[in-house]
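Just follow the structure's listing: the first ligand is 1, and inside any ligand the first atom is 1.
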Amino acid sequence: MPEAPASVSATASKPKSAPRKAMERLGLVRDIDLALHLPLRYEDETQLTRIAAAREGDTVQCEGEVIASRIELRGRRQLLVTIEDESGELLLRFLNFYPSQQKQMAQGQRLRVRGELRGGFFGREMVHPVVKAVDDDTPLAQALTPVYPAGAGLPQSYLRKAIEASLKRAPLEELLPPRTVPPQLPALREALHFLHHPPPRVPLSTLEDHTHPAWQRLKFEELLAQQLSQLKAQRERAHLKAPALRARREGLPEQLLRHLPFQLTGAQQRVVEEVAQDLALPQPMHRLLQGDVGSGKTVVAALAAAVCMDAGWQCALMAPTEILAEQHFRKLIAWLEPLGIQVAWLTGSVKGKARQKMLDAVASGEANLVVGTHAVIEDKVSFAKLGLAVVDEQHRFGVAQRLALRKKLASQALEPHLLMMSATPIPRTLAMTYFADLDVSTIDELPPGRSPIVTKVFGDAKRDEVIAKIRDAVEQGRQVYWVCPLIEESEALDLKNATDTHAELSAALAGQPVGLLHGRMPPGEKAAVMAQFSEGATKVLVATTVIEVGVDVPNASLMVVEHAERFGLSQLHQLRGRVGRGAVASVCVLLYTGPLSDTGKSRLKAMAETTDGFEIARRDLDIRGPGEFMGTRQSGAELLRFADLQEDAPLLKAARALAPRLLDEHPEAARRQVERWLGGKAEFLKA
Ligand code: ADP
Ligand code: MG
């Protein structure tokens, strides 16, 4: 949002300081939000350690008088300050410093310093300790000092003061009726005060691993709010009406099945049946169809669409990118047009008269099936009779888009059914907790005739060798993807990278045409490049992550991912799913540039060890934690901040048991509980 000019904002409201804006970005707006913003860890400033008694590796607080202060060149310019207490001496070393700091630490000054004690080359030292100038009688802290999660531009001292003030004002009265909270847990107000200011000598370990009863209380509260909001959404949905959709005998679905070039797998038959049963009910379906990449979700969507259209209703299918939407479009046209279905195409790039024509066809009901990107849910598109909306790769749809979709769907007298598809499977515990409001169908079987993918991880020193392998593969008539990473916040660099690689491969494969596909190309050009590759006219396709989802070229059997360390685990899995679609054995080469972070290492290891999407999802969960797993980064809405679904299973169980009782017997308390914890975010949980 552009900022208001200073003169206007000064009269309208007080201009916001930078730290206040940083707090808002973290969702810290109301007093209660701040009160519930809990420390990551604590610093113990309640005690002093004698210099001689401090052990190397410990983070300690010492106090002493400056006996020497000098600037020296030891490789680089640095400030060296020696302090002394009655037990010994300690060297403080600063590689970056201001003249004012040097002055503050002048000889004779008494300093209280806090930092990690190290055994340096020149004796025991602290590098960049926290320093405070003190007198003989400056008191020690009375409670442990909290360290809060904060972002750039938000100093701890500012945040501490803000939280302190909010904690006094926030409404923290007990909302839960007596005897509903697990008995060993303290009251909320008590728990919060304790966690923000633990008294000295509380064992830090129980605070830091969140096993302390005060933490348990907070986690219980959070889980309860989350369960309540889910339950409410579920109950609200039960009151909604949808058209009951049933296909006629010998209708479209049966015709489509006869027309397909393959037989459905057992798993596909099962989920098609589950979806058909939902569609036949007069309540809106709210179902997630999950299945690994290549498991054949598209045909399930086509069959659901066929049921819907056979019953005389319209259907919309949305994909997150134009390329993917276009693939669906081509496939659905091939399957459905021979059966007399009119398929309309709608994306942001369809403009002018063509667009108006589409919109008219959709509004009149003449178009039975609309395929496109999220342009399909834009305000201007209105359906005559929408019976079913299918969202493909739903994890790639932003939360805001999903909310827009639900709003749109709710604008008819009868709500349409909703089928979401995802190749990023959600582990069962997560599905249960986050999606109490969602039914889940799983395709747990790949179509026959697929050969397993071998994954190899190489440092980028092997790049030339890999290029030689590509030449061999191309000579054998195989097709190759070369994926270039997204360089964060620099589309231009990203593009240069892909263009350079394209030139390099073209030179190495003299005579063989190499395709180039990136996000900046106009959609028509993208489609042309993709079509050439699908037809086999180009053997090698250099692409940025635009090919990540859904692209289907069975002859492609080698993939190279450059800078694999920059991709997320599920993204790598999605990419890899582009090969291994035909009968030839496929290879995926992950090239990385070191040094690797720990999480980078775990991701590449997981990729090398398994191709099972569910196992990948489990590992991803381990590496990232559930909050981030659910794609909260894109929405900015944290779902669970404190509780861990696995570790806190007993609390989760208690919260699940209490939620329906509270909603039935104390609806006002239930409402306030959700409001307290989720505030404006409750909507996000339904998306
Ligand atoms: P995804 O689940 O990743 O969206 P797709 O729907 O794109 O997978 O299917 C992958 C490929 O498998 C497509 O070429 C599709 O036509 C094909 N396919 C789907 N089901 C079957 C089946 N039962 N037998 C053989 N091929 C199938
Ligand atoms: Mg797909």
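Neither the backbone nor the side chain of Asp392 comes within contact range of ligand 1; no heavy atom lies under 4.0 Å. At a heavy-atom distance under 4.0 Å, only backbone atoms of Gln263 (N, CA, C or O) approach ligand 1.
The shortest N or O to N or O distance between Pro448 and ligand 1 is not below 3.5 Å. On a distance-only criterion, Trp335 and ligand 1 share no N/O pair closer than 3.5 Å.
Of all the atoms in ligand 1, the ones that sit under 4.0 Å from a non-hydrogen atom of Val293 are 3 (O).
Remark: Lys601 does not engage Glu565 in a salt bridge, criterion side-chain N to carboxylate O under 4.0 Å. Ion pair Glu609/Arg619 flagged as a salt bridge, since at least one NZ, NE, NH1 or NH2 atom sits closer than 4.0 Å to an Asp/Glu carboxylate oxygen.
Ring geometry for Trp335 against Phe262 counts as perpendicular: the plane angle is over 60°, on a 0 to 90° scale with 30° as the lower cut.
With distances taken over non-hydrogen atoms, the option nearest atom 4 (O) of ligand 1 out of Leu289, Thr298, Thr265 is Thr298. Relative to atom 1 (P) of ligand 1, the option among Lys331, Lys297, Gln269 with the closest non-hydrogen atom is Lys297.
By the neighbour-count criterion of 12 heavy atoms within 6.0 Å, atom CZ of Arg330 is sparsely surrounded, having that number or fewer from other residues, nucleotides or ligands. The neighbour count for Gln263 CD, taken as heavy atoms of other residues, nucleotides or ligands under 6.0 Å away, does not exceed 12.
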